[in-house]
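Quick notes on the structure that follows.
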Amino acid sequence: MTHDGKQVRLGVDIGGTFTDVAMEIGPELFSTKVLTDYSALEQAILDGVTRVAGKAGIGLGRIDLIIHGTTLATNALIERRGAKTAFLTTRGFRDVIEMRAENRFEQYDLNIVLPAPLVARNNRFDVAGRIGASGRELQPLDEAKVAEFARNVSAAGYESIAIGFIHSYVNPAHEQRAREIVEREAPDLSVSISSEVSPQMREFERFNTVCSNAFIRPLMEGYLSRLVDRLKDIGADCPVFMIHSGGGLISVETAAAFPVRLLESGPAGGAIYAADVAARHGLNRILSYDMGGTTAKICLVEDFTPRTARTFEVARTYRFKKGSGMPISIPVIEMVEIGAGGGSLAHVDGMRQIRVGPESAGSEPGPACYQRGGERPAVTDSDLVLGKLDPMNFAGGEIKLSAEKSAVALIDHVGRGLNWDAENAAVGVAEVVDENMAAAARVHAVENGKELSEFTMIAFGGAAPLHANRLCEKLGIDALLVPPGAGVGSAIGFLRAPFGYEAVRGAYMKLSQYDAARVNSVLQGLEEESVSVARAGVPEGALEIERKAYMRYVGQGWEIPIILPGSALKPEDRVHMRGLFEQEYERLFGSPLTGLDIEVMNWSVKAVSKLFPVERAARVLVDGSAPINATRKIFDARVSGFVEAGIVNRCDMTPGTTVSGPAAIVEAETTTIVTAAFAATMQSDGCLLVRKKEVVQ
C-alpha cells in the first residue's frame, strides 16, 4: 500500500472507556479503538497510533501532524485528583468560591448540600491590596506578605498556586506583580493568574476557573510532556496540537499553560465533526448526538456552526442540575452532557425505580460482559442481552463479550429488586437511558426556542448508532445520519477543526457613555492575544477575525452576544450597536424594551484559520437492497418484543443500497440499529441515511 506525497494527519481522542484513533491520508481514512489505559494514558495513544499505522501500511515517521483531545483534565476535576493547590486572593474575598452565588439549584430540597469548593478553606489565603472597578489602584499590594505566603506554601509542600484578585480583569498589575514575587521566592511552584486564564467579571466564576487551571496544570504539563517525548521515541516526531473547548486547535505549550481550556475538548471535536457532515449534506438544522462509553453529548448545530457559550459547568453533583457544578468561564461549544454512555451503570433505588449513570464502569473493569472483573450491569450489558451487539465481533473482534455475565449482573442489580428476568431488566435499563437522553434533548431545544422535529440527527461515538434510531422515535425526528467512521467521530472531528483561539475580557461600559477609543484599545489587545495563539499552526494572514460584544439591558442578569463590524469602531457606531442588540433581543424574546440603557459586560475576539469549502455529497435514490448475511433476534421497543432482524456488513453497502428495518448494520467500531419503522440508505459519501419508510424513495 502506497500513499506517496499525501499528508498524513492523525486525530486521537482519549475517552473514559476507549481511546479512538483516526488517520487521514488524502481521502483515505483508517481508524481503531483501544481500551483506555488509566495507569498510563499516553500508552493507549501509542498502541492506537502503532495499530492504525499498521493498517495504513506506513511507518510512524510518515505522520505529519497529530491532533489530540482528552478527558484527562475533566476527569481530574471530577475526581478531585490534581495538584496540592493554594489560592491567593484579595483580603476579604477568601470565601468567594465557597459562598458561590448563593442560589439554590434545587429550590425545594430542604437538605440541599452545596458542592465542596475545589480549594478547601485552609488552602486559601488573602493579602492586602485593592484595585477598583475602574482599574485604579485603591490600596497598594502588600508585597512583603505575598513573599511570606510564597515561602510558607513552598515549605508546606504545595505544588501549584492560583492567584485571583478583585477587578484584575480591568487592571492585572497586582496579579502580575504577585506572580513575579511567588516565582522569585518559590521557583518550583506552578502559578496561574486569573487575569490571563479568565479575564472576565463575576469573581466566583473567575476565581473558580483560575483555581481549576492551577489544580490540573502540573498533571497536564507532565502528561503532555511525556506524550510528546514517547511519540518521538517510537518514531512519530511531528507537531502535536490540542483541540480546546471552543473547537479550535492550539499548541501543546499553550494547552499546558491553560489546561482549563481542554475541559470539553473531546465533545468539541464531535460537534465539529457533526457540523462538517451537515455542511456536506446541506443540512441547516441538525442535532449532534455523541454517545461514548461514559457520557452522551447533545448539541444544536445551525447553519453548519455549533452553538457556543462563554461559560459552562463541570462535575454537576445533583441530578445534573444547573448550578450544582463548578462554573468555568472560558469559551466553549454549548452542549448538554449527561452520564449516559455504554459503561454507565444501572441500579434500582429505594423507590424501586431504575437509575442509570452517572457512575461509569469505564474500561477498568468495564461492563460485566467485558469479563474483566466488572459485576455491575452497564448499558452495554443491556444492549448485548437485547441482541443489539454481536458478542464475537465487538470492537472489531478485539473484545469478546459474555451475554451470560450480562444476564447475571442485570438480574442481581436490577431484576431481583423488581421481580424481573434478565430480558425485562435489560429493556428497563435501555428505555431509562434512552428517555434520559431524549429528555435532555427536549430541554436543550426548549431553552434555545427550537422545535426538534425540524432537525436531522447526526449520530456518532461507539454507542450512539445503537440508540439513535430509538431516540429519533422518542423525539419525533424523521431523519438520521450515521457517517462513516462514526465509532471514532470525535477523533475525525479533530481533523476537521480549524486552528483558532478566542480571547475574552471584561470591560464594562454603558452605551450612553460609549467610548470608541477605549473599545478599540480593548479589541486590539484581544486580537493580538488571539492571533498570537492561533497562528502557531497557520501562516500569517491566513486567519479570520470575529469580534463580539456581550450586551444586556441595565439591571438584567445575563448577556446576549452581538457580532461587531470588523473595522475600527467610531463614536457613531453606538447607534448601530444598539440596533444589533435590540434586533437579537427581539428575535429571542419577542420585543425589545424601551427607555432602558444598554451595557456591555465583556468583549471577545476570535482568530480562526480559514476552512476550505466542503464538497457537497450528492443525494442518491434507492437502488437495490444490501445483502443480508444473517439474522438474529433484536428487541424493538415499538412492538415491545423481539423481532427477527437482518444483519448487514456496512462494507457490503454501496451508494443507493438500502436496508429495511428491523436490522443491524455492523462495522468494526460500532453497530447501527435500524428499527422496524425505518430504512437506511447508503449515500454517495458513505453516510447512512436512516428515514421513516413512508418518506424513503
Inset, instruction - Answer yes if the ring centres of Phe241 and Phe499 are under 6.0 angstrom apart, and no otherwise. - result: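 Yes, close enough.
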With no hydrogens and no angle check, is any side-chain donor or acceptor of [X] less than 3.5 Å from a backbone partner on [Y]?
X	Y	value
Trp603	Ala507	yes
Gln200	Val504	no
Asn213	Ala257	yes
Gln683	Leu689	no
Gln556	Tyr553	yes

State whether [X] and [Y] are salt-bridged, where the test is any N-O pair (Lys NZ or Arg NE/NH1/NH2 against Asp/Glu carboxylate O) under 4.0 Å.
X	Y	result
Lys548	Glu502	no
Arg202	Glu559	yes
Arg206	Glu203	no

What is the minimum heavy-atom distance between [X] and [Y], and which atoms define it?
X	Y	result
Phe455	Leu287	CD2-N, 3.9 Å
Gly506	Tyr169	O-CD1, 3.3 Å
Ala479	Ile477	O-CG2, 3.3 Å
Arg124	Arg94	NE-O, 2.8 Å

Could you state the interatomic distance from [atom1] ([X]) to [atom2] ([Y]), rounded to the nearest 0.5 Å?
X	Y	atom1	atom2	value
Leu480	Leu471	CG	CG	9.5 Å
Glu196	Ser198	CD	OG	12.0 Å
Ile458	Asp290	CD1	CG	12.0 Å

Legend entry - Whether Tyr585 and Phe581 hold their rings parallel, tilted or perpendicular, with breakpoints at 30° and 60°: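 Rings of Tyr585 and Phe581: tilted, as their planes differ by 30° to 60°.
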Inset, instruction - Please indicate whether Glu615 has more than 12 foreign heavy atoms, meaning atoms of other residues, nucleotides or ligands, lying under 6.0 Å from its CD. - result: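 Check fails, neighbour count at 12 or below.
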Legend entry - Gln583, CD: over 12 other non-hydrogen atoms inside 6.0 angstrom: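 For Gln583, atom CD is not crowded (no more than 12 foreign heavy atoms under 6.0 Å).
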Note, [X] side chain near [Y] side chain (heavy atom, < 4.5 Å):
X	Y	value
Thr85	Cys211	no
Leu475	Tyr289	no
Thr70	Met242	yes
Val531	Ile545	yes
Met99	Phe204	no

Inset, instruction - Enumerate the residue pairs fulfilling side chain to side chain donor-acceptor pair (under 3.5 Å) with a member in residues 264-285, sequence neighbours excluded, ordered by first and then second residue. - result: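 Pairs touching residues 264-285 that pass the test: Asp276-Arg280, Asp276-Arg496, Arg280-Asp685, His281-Asp685, Arg285-Glu454.
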Legend entry - side chain to side chain contact (heavy atoms under 4.5 Å, CB included) between Val96 and Thr89, worked out: CA-CA 10 Å; Val96 164; Thr89 189; over 6 Å; no
Legend entry - side-chain hydrogen bond (donor to acceptor under 3.5 Å, both in side chains) evaluation trace for Ser194 with Glu175: CA-CA 8 Å; Ser194 74; Glu175 284 192 357; 2.5 Å; yes
